[in-house]
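See below for the structure under consideration.
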Amino acid sequence: MKWLVRILFLFVAAIGLVIGALLLMPGDKLAAILAEQVKSETGRDLTLSGDVNLSFWPVLGMETGPVTFGNAPWAGSEPMLSAESLAVGVDASALLNGDLRIRRVVADNPVLRLELSDGRGNWELSAPVASQATTGSNTSASSASPQGAVTLDRLELTNAQLVYIENGTTKFNFSNVDLSASWPGPTSPMVLEARMAVPGGHVKVDLEIPDLPTYASGAVAPLKLALTAPGGEVGFDGRVNLAGEMDGALAVKTRNTEEMLAAFGQAGVGVPLGLGRKADVSGQMTYTSEGRISLRNMVAQLDHNRFTGETDIEISDPPKITARLKSGDIDLSRFNDAPASSGGGSGTASSPDSGWSKAPIDASALSLANGEIRLTTSSIVLPDLELGASDLTLILDRSRAVLQMNPATLFSGQVNGQVVANNRNGLSVGGKLKAKNMNVQQALSTLAGIERFTGTGTGEFEFLGVGQTEDQIMRSLSGTGNLNVGQGVISGFDLDRLMGRGKGSGGTTVFNSLTASFTIDQGVLTNSDLLMSLDNFRADGTGKVNIGARRIDYLFTPTALRANSGQGLSVPVRIVGPWSDPSIKPDLSKVIEAAAEGQLKDLEDDAKQKVLDKVGDELGTAVTDSESVEDALKNKLEEEAKKGLFKLLGGN
């Protein structure tokens with residue numbers, strides 16, 4: 001037995017000498033040994049700086065100063081991991097049984113770079129390929145040998161920087177991240193928590209993978225994720241694989257969408273009321289390794305509006321969005337209301353007569369995304385406009401937006417065509433529209449405040465404007481158009497009475513048709529062929545409307561077809577001045593010429609007096625000669641013209 005005791009003593013002494021040698025060995029020597037072992041096992045360079053301290057029982061551990069761990073040969077030149085200090089501890093007793101139970105991995109100020117290229121991840125570690133001179137039986141035995149269990153009690157990264165690069169492109173780069181993870185047993189879920197400072201607060205991520213071995217093998221595994229950020233949260237419950245591909249139920253809820261966007265680096269993006277200042281979006285999401293997100297069976301509650309449909313998003317710069325959406329009644333009547341947090345809108349509203357706005361138009365939102373979004377809806381209520389059932393498609397392409405109407409229901413009629421906003425080289429707006437069976441009264445009431453004109457019209461309009469302000473665009477407008485209105489009524493405007501043919505038809509004018517065409521150049525609309533047809537009259541119009549300067553110079557000429565021995569009697573009326581207060585004056589030169597050259601010059605004195613008396617009775621004033629007739633007729637016609645035209649334009 002003495003020899004056995006001696007052998008055991010020598011074995012213990014040898015172990016003690018080895019441990020003592022390791023404990024007494026300088027830090028740089030220990031670092032060199034560890035780096036050599038890591039190199040042989042992984043093929044990566046491990047660099048340890050400063051003192052290296054070891055512990056052996058019950059935890060086999062190491063603490064070191066600054067450390068770097070090399071990247072994969074095919075990846076970037078930066079190390080995969082670097083830290084100002086690193087502490088690693090492994091359960092020594094479990095290691096003797098062939099299990100790797102990691103007690104702790106703690107790193108201060110680490111930088112972790114994860115790279116994926118052609119399906120390879122730089123986190124995949126393998127020893128250098130050895131010579132394949134082994135026999136088939138040895139290979140089989142090696143592959144069949146059982147591997148010990150691997151578990152992780154605690155992983156802590158403090159003030160970390162996390163960088164993810166995919167096929168040479170940096171997908172995200174997060175700083176000031178605190179991360180912790182644990183995987184206490186082979187059948188236990190892997191739980192990860194991360195916290196990162198962002199504008200307005202912190203983003204917190206809770207992630208759980210119930211079956212980590214399946215996930216680590218590259219197969220699809222369950223995943224639960226919850227993200228909480230200032231203004232809202234995101235939840236996901238589904239499946240994931242090692243390439244990051246995901247499929248499952250997604251839910252996004254925001255209490256303040258603008259605050260949440262700011263937390264993710266999109267500060268200053270305004271969200272109109274009705275389009276998701278508060279949002280609740282859910283659906284079945286699929287994410288592929290190509291960076292494509294698909295959302296099916298989507299339900300989006302954006303403020304008080306509800307949308308359903310499907311969306312595809314390609315993650316790029318800018319992102320590409322393809323969507324088909326449906327909705328019932330969409331209420332955007334408070335579209336321009338300022339958020340409650342802003343305390344109201346900025347600036348003061350200008351009066352309708354103060355001219356076009358000269359404030360710069362920010363059209364940068366046109367560059368936020370590319371793609372095509374189609375919306376079918378029962379109605380859309382805007383601040384100053386209401387659309388009925390409509391089929392709309394918005395196409396975004398490199399800072400250019402095209403809104404196609406296929407058709408849109410507007411003013412009880414159908415509008416087909418498109419409106420374009422282009423901000424590639426300065427801002428321009430244009431469009432080409434065709435309207436059919438449009439309610440003229442609704443259109444004039446909404447666009448010009450004129451309530452007395454009824455009828456159903458058809459027309460075409462093509463326009464283009466360039467500028468960085470509303471004023472510049474209106475002054476640069478060019479285009480063409482035409483209008484054709486069938487039978488209609490002008491209430492409060494009696495053309496019979498205006499033309500001096502008795503008491504008229506009770507304060508209305510019924511017309512059979514109205515047609516007109518126009519051109520626009522440098523913000524000035526020119527029309528020369530307005531024609532209104534009535535049973536006993538016709539009315540012609542010609543003139544200009546300076547849209548940019550908000551002024552009008554127009555000559556409106558009603559003609560009594562049966563007057564003046566069948567030659568017609570015309571009473572031209574000129575409308576001139578600013579839109580806010582135009583001057584409306586009859587031009588009676590032709591009327592007076594007709595009266596002077598016609599009946600009065602051929603009458604005898606006694607007949608002339610009868611005419612003067614009759615005219616006086618009709619005009620309600622005493623007339624004694626032809627000059628009095630001229631003055632009285634001029635005053636009367638001017639008075640009646642003003643009354644009628646003011647009524648037509650909505651005045652009292």
Side-chain angles (χ1 to χ4, degrees), residues 272 332 335-336 345-366 382-387 399-403 405 408 410-411 415 417-435 438 440 442-450 453 457 459-483 516-528 530 541-556 575-583 649-650:
L332 299 177
F335 185 88
N336 297 319
S346 60
T348 58
S350 59
S351 66
D353 302 329
S354 61
W356 304 112
S357 172
K358 296 184 179 180
I361 298 174
D362 183 4
S364 59
L366 296 177
L382 297 169
D384 300 312
L385 201 63
E386 182 173 349
L387 281 72
S399 299
R400 183 176 184 267
V402 180
L403 178 62
M405 307 176 191
L410 183 62
F411 305 129
V415 178
Q418 63 182 26
V419 178
V420 181
N422 189 339
N423 197 40
R424 291 175 181 172
N425 297 297
L427 179 62
S428 64
V429 294
K432 187 173 183 179
L433 303 172
K434 291 184 178 181
M438 186 171 290
V440 176
Q442 293 179 12
L444 290 178
S445 174
T446 300
L447 301 177
I450 298 175
F453 198 111
E460 298 182 9
F461 182 32
E462 185 173 355
F463 69 97
L464 175 64
V466 179
Q468 295 300 135
T469 68
E470 188 180 77
D471 183 75
Q472 291 175 354
I473 292 174
M474 291 302 180
R475 292 179 183 274
S476 69
L477 278 178
S478 61
T480 59
N482 61 73
L483 176 67
S517 65
F518 58 85
T519 61
I520 306 175
D521 183 46
Q522 295 299 310
V524 179
L525 181 150
T526 302
N527 161 253
S528 59
L530 184 143
T542 181
K544 296 183 177 181
V545 179
N546 192 324
I547 301 173
R550 300 166 71 97
R551 296 184 64 86
I552 186 171
D553 185 356
Y554 201 82
L555 184 64
F556 183 73
I575 308 170
V576 62
W579 292 2
S580 58
D581 186 23
S583 171
L649 297 174

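Just so it is clear, the values below take in all heavy atoms, side chains as well, and ignore hydrogens, waters and symmetry mates. Each residue takes its place number in the sequence, starting with 1.
Within the 4.5 Å cutoff, side-chain heavy atoms of I520 are placed close to those of F461. Put simply, the side chain of M405 reaches to within 4.5 Å of the side chain of V419, judged on heavy atoms. For the pair V415 and L387, the minimum side-chain heavy-atom distance is 4.5 Å or more. Using a 4.5 Å cut-off on side-chain heavy atoms (C-beta onward), L483 and V440 make no contact. Taking 4.5 Å as the limit, some side-chain heavy atom of M474 sits within range of a side-chain heavy atom of L477.
Atom CD of E470 sits about 6.5 Å away from atom CD1 of I361, to the nearest 0.5 Å. The distance from atom OG1 of T526 to atom CG of N546, rounded to the nearest 0.5 Å, is 9.5 Å. The CD1 atom of I552 sits 9.5 Å away from atom CG of L525, with the distance rounded to the nearest 0.5 Å.
When ring centroids are compared, F556 and Y554 stay outside the 6.0 Å threshold.
Side chain of S478 to main chain of F463: no donor-acceptor pair is present (N/O by atom type, distance under 3.5 Å, no hydrogens or angles). The backbone N or O of R475 lies less than 3.5 Å from no partner atom in the side chain of W356, so there is not a single donor-acceptor pair. Using a distance-only test at 3.5 Å, with no hydrogens or angles considered, a donor-acceptor pair links the side chain of S476 to the main chain of V466. With hydrogens and angles ignored, the 3.5 Å screen pairs a side-chain donor or acceptor of N527 with a backbone N or O of S517.
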Between side-chain atoms of residues 422-431 and protein atoms elsewhere (two or more places apart, or another chain), which donor-acceptor pairs fall under 3.5 Å?
{"residue": "N422", "atom": "OD1", "partner": "R424", "partner atom": "N", "Å": "3.0"}
{"residue": "N423", "atom": "ND2", "partner": "A363", "partner atom": "O", "Å": "3.4"}
{"residue": "R424", "atom": "NE", "partner": "R398", "partner atom": "O", "Å": "3.0"}
{"residue": "R424", "atom": "NH2", "partner": "D397", "partner atom": "O", "Å": "3.0"}
{"residue": "R424", "atom": "NH2", "partner": "D397", "partner atom": "OD2", "Å": "3.4"}

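Remark: P578 pairs with R551, S580 by the side chain to side chain contact (heavy atoms under 4.5 Å, CB included) rule, at least two apart or across chains.
Using modelled atom types and a 3.5 Å distance limit, the side chains of D471 and T469 yield no donor-acceptor pair.
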